[in-house]
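Single-structure report; data block below.
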Amino acid sequence: DIVCIAVEQEGAALEFASPRLRADRGLVEGALRQNPLALAHASEHLRGDPELIGLAVRSNSFARTFVMPGAIVDRERVLELVQDDESVLEYVSTETLGERTFMLAAFERNGLALQYVAPELRSDRDFMLTVLQRNGFALRLADMALRSDSEVVAAAIAQDRRAIKYASSSSSEIHSSPITCHLGHGLQHLRATHGCYVCDKCESGIPRQSMLWSCSLCCFDLCKACNERLELSIGEGAPQGVPASGSAVSMAHEVPTMTRAHGGESQTQERCYMVGSWDGWKEPVELTSASDEDGRSCFRARVPLLERTGVVKLEIVDAEQASARYVVGHQRRMWKVLVPAKTQLLEVVRRPSSHERVSFRFLTGPEVTLGIKHFRCEDAYWSTPGPFYLRGSWDEHRGMTQMQLVAADGGACVAIVHLEAEAVPMCMRFQIVQDRDVAQCFYPDPEQPNAVLGPGLCDAAAGWEIQLPAGCKRLHVKWDPRGQRSIECTLFGALDELSEIPRPPPSARYSVIGSWDGWQQPVDFMTAGISSLHAHIMVREIPGVAEFQIVQDKNLHLRFGPALGTNMGEVVGPTSEDVWRWFAGIPRGCRWLRVVWHPHRQRHRVSWSCLAASGEPLAPDRHARAALAALRGSGAAAMS
């Protein structure tokens with residue numbers, strides 16, 4: 001009984017139950033309804049139960065990681081999930097992965113699904129010919145015998161001539177890839193001449209003498225495995241030509257040293273700085289004059305990394321460059337290093353000479369060294385600022401989604417944001433950010449809606465606004481930074497493309513403010529009909545009372561409220577004087593407060609209702625009525 005009570009309050013408490021109770025289907029089902037991730041603690045038998053799997057995965061798709069391998073048998077559900085994440089195929093039975101019809105359907109939704117195809121299909125000639133018509137690079141996954149089949153190889157080459165590199169009998173020297181860097185430059189196939197290369201996709205080091213794909217212009221590298229995965233994700237219509245890219249060596253010889261004229265001669269710059277990705281390229285750190293272990297003059301600086309691991313990029317600049325923020329398209333010299341685990345300090349030492357060298361020392365303390373890496377001047381890259389990221393109100397502007405280059409469209413790039421399919425319409429705002437630097441935002445011109453301003457610092461409310469219909473699951477944003485700069489948005493539901501909700505008339509804009517957030521952030525009204533608007537506010541205090549007023553053009557001096565002594569009757573406003581508030585009782589089970597506003601009639605009118613998470617209306621219950629009675633009985637102020 002104690003375990004049952006604990007599981008009802010927190011499903012994760014199933015972890016501490018006995019093996020007998022973990023095999024109790026009723027108890028596990030209750031735990032999953034409270035916390036879908038409690039599937040991790042169920043018995044092996046129940047982790048293979050299709051009904052319990054569906055219950056958990058529908059609430060939280062991450063729960064599928066706890067499913068017994070081969071247990072997922074709902075093929076329609078698998079095909080729905082594989083569109084966003086091909087790894088769901090890890091939990092499908094081997095027999096299903098060997099079915100031609102199913103795997104073709106999965107491949108149509110996600111090219112990376114081919115990684116999970118069964119061996120018998122890899123040797124199925126008809127299956128591979130069908131696949132190669134859409135993606136020639138799938139030849140890599142074919143059986144060795146088929147990779148020697150002239151007709152199969154010809155089908156792959158017809159889709160993309162560069163797929164010939166995967167033919168087993170090929171002696172061709174064609175080594176090119178359809179993958180590009182974030183600015184659309186083609187990648188070179190080369191051998192790592194030193195051990196300082198790092199894959200920008202998986203952030204793993206690339207061993208010396210290993211083959212990789214690289215754009216020396218943009219400091220962008222891909223290991224062989226990541227390039228092969230990305231090739232599979234390219235569908236029909238991938239670009240057939242590869243733009244020429246510059247040579248890393250030839251451009252490195254043009255890297256200028258930091259010098260200044262003095263008496264007709266060039267001398268080493270006395271002051272230099274470094275800026276890097278550890279703080280978003282914000283604060284320059286001066287390299288101070290010092291001496292190295294051999295007594296030679298050098299410049300040295302340290303920056304804290306707070307035990308950060310992964311790739312760090314930095315550049316060394318002079319005083320003039322450090323004081324001015326770089327402009328879009330301006331090329332910079334950059335180094336890229338892979339930081340070992342447990343690194344707390346990064347020390348950079350620059351030795352200016354005819355053969356300039358830069359050393360990186362990784363430390364766990366002031367004098368405890370994890371490792372040292374030395375770079376020559378030739379190891380530096382020329383880099384153009386980028387890439388672009390998307391940030392928005394779906395996560396309160398906390399995270400950033402990297403925009404991927406549209407290879408067939410030059411410099412345009414796309415980001416896909418997965419949203420919670422709410423049962424009510426929502427309003428979202430977003431911005432484009434460059435280099436993860438919030439001081440380099442792109443945003444719409446308020447006076448010319450089709451014009452784009454930036455890069456620069458702006459408030460989160462200054463971004464693009466899009467009104468999502470109920471059930472919207474994905475937002476696709478296409479951004480083209482070239483020329484006049486443009487942005488396109490596309491909305492998708494569970495199955496089809498959706499249309500954005502029409503905008504209200506361009507005259508006055510109305511919003512609702514209330515007690516749910518301390519009267520801080522106005523919630524905009526959206527079109528609800530020919531002459532009405534509505535807004536949906538997520539409520540937190542359940543049961544309870546929500547107090548609200550309506551404002552015009554987000555101006556608190558233009559407020560609307562109920563007439564004295566009424567709650568649903570005559571409306572007063574707009575006015576800058578104190579007005580009364582509306583009071584809405586919030587019943588149990590309520591997720592949304594829907595406020596309907598009729599501003600275009602001779603007499604303004606307002607109404608509201610409470611909705612469950614499913615969007616179904618809720619009737620007032622005794623808890624809501626008791627909360628309203630307590631508020632009125634306490635003599636709470638009704639004017640503001």
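Only this structure's heavy atoms are used, side chains among them; waters, hydrogens and symmetry mates stay out. Because the structure is a prediction, the values reported are computed rather than measured.
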Other residues, nucleotides, ligands: >12 heavy atoms within 6.0 Å of Lys554 NZ: yes
N/O donor-acceptor pair under 3.5 Å between Glu228 side chain and Cys226 backbone: no
4.5 Å side-chain heavy-atom contact, Val303 and Met274: yes
Within-4.5 Å side-chain heavy-atom neighbours: His536 and Pro425: yes
Test applied, side-chain hydrogen bond (donor to acceptor under 3.5 Å, both in side chains); reference residue, Asn227; option that passes from Lys224, Arg229, Glu231: Glu231
Derivation and outcome, side-chain contact (heavy atoms from CB on, under 4.5 Å), residues Ile487 and Trp464: CA-CA 9 Å; Ile487 194 161; Trp464 284 274; 3.6 Å; yes
Heavy-atom donor-acceptor pair, Gln159 side chain to Ala156 backbone, under 3.5 Å: no
Test log, rule side-chain contact (heavy atoms from CB on, under 4.5 Å), inputs Leu104 and Thr130: CA-CA 9 Å; Leu104 284 176; Thr130 303; 4.0 Å; yes
Derivation of the side chain to side chain donor-acceptor pair (under 3.5 Å) call for Ser486 and Asp480: CA-CA 5 Å; Ser486 62; Asp480 192 339; 4.7 Å; no
Test item: Phe388 and Gln402 side chains (from C-beta on) under 4.5 Å apart, heavy atoms: no
Heavy-atom side-chain contact between Leu222 and Leu212 under 4.5 Å: no
Any donor-acceptor pair under 3.5 Å from Ser515 side chain to Glu547 backbone: yes
Side-chain H-bond candidate by donor/acceptor type, Arg391 with His397, under 3.5 Å: no
Intermediate values then yes/no, salt bridge (Lys or Arg N to Asp or Glu O under 4.0 Å), Glu465 and Arg509: CA-CA 13 Å; Glu465 178 185 290; Arg509 298 289 299 272; 3.4 Å; yes
Geometric class of the Trp479/Phe442 ring pair [parallel <30°, tilted 30-60°, perpendicular >60°]: tilted
Pair Trp608 and Phe548, ring centroids less than 6.0 Å apart: yes
Arg559 side-chain N/O to Leu556 backbone N/O, donor-acceptor pair under 3.5 Å: yes
Short side-chain to backbone donor-acceptor contact, Gln552 and Leu558, under 3.5 Å: no
Short side-chain to backbone donor-acceptor contact, Asp553 and Asn555, under 3.5 Å: no
Pairing of Lys473 and Glu420 as salt bridge, 4.0 angstrom limit: no
Test item: Ser393 side-chain N/O and Arg429 main-chain N/O as donor-acceptor pair under 3.5 Å: yes
Flag if over 12 foreign heavy atoms under 6.0 Å of NE2, His418: yes
Donor-acceptor under 3.5 Å (His604 side chain, Pro599 main chain): yes
Steps toward side-chain contact (heavy atoms from CB on, under 4.5 Å) verdict (Val477, Cys489): CA-CA 5 Å; Val477 178; Cys489 297; 4.3 Å; yes
Close side-chain approach of Leu533 and Val596, heavy atoms under 4.5 Å: no
side-chain contact (heavy atoms from CB on, under 4.5 Å) between Val433 and Met400, worked out: CA-CA 8 Å; Val433 179; Met400 294 190 187; 4.1 Å; yes
Any side-chain heavy-atom pair of Leu491 and Leu468 under 4.5 Å: yes
Ring geometry between His476 and Phe492 (parallel below 30°, tilted from 30 to 60°, perpendicular above 60°): tilted
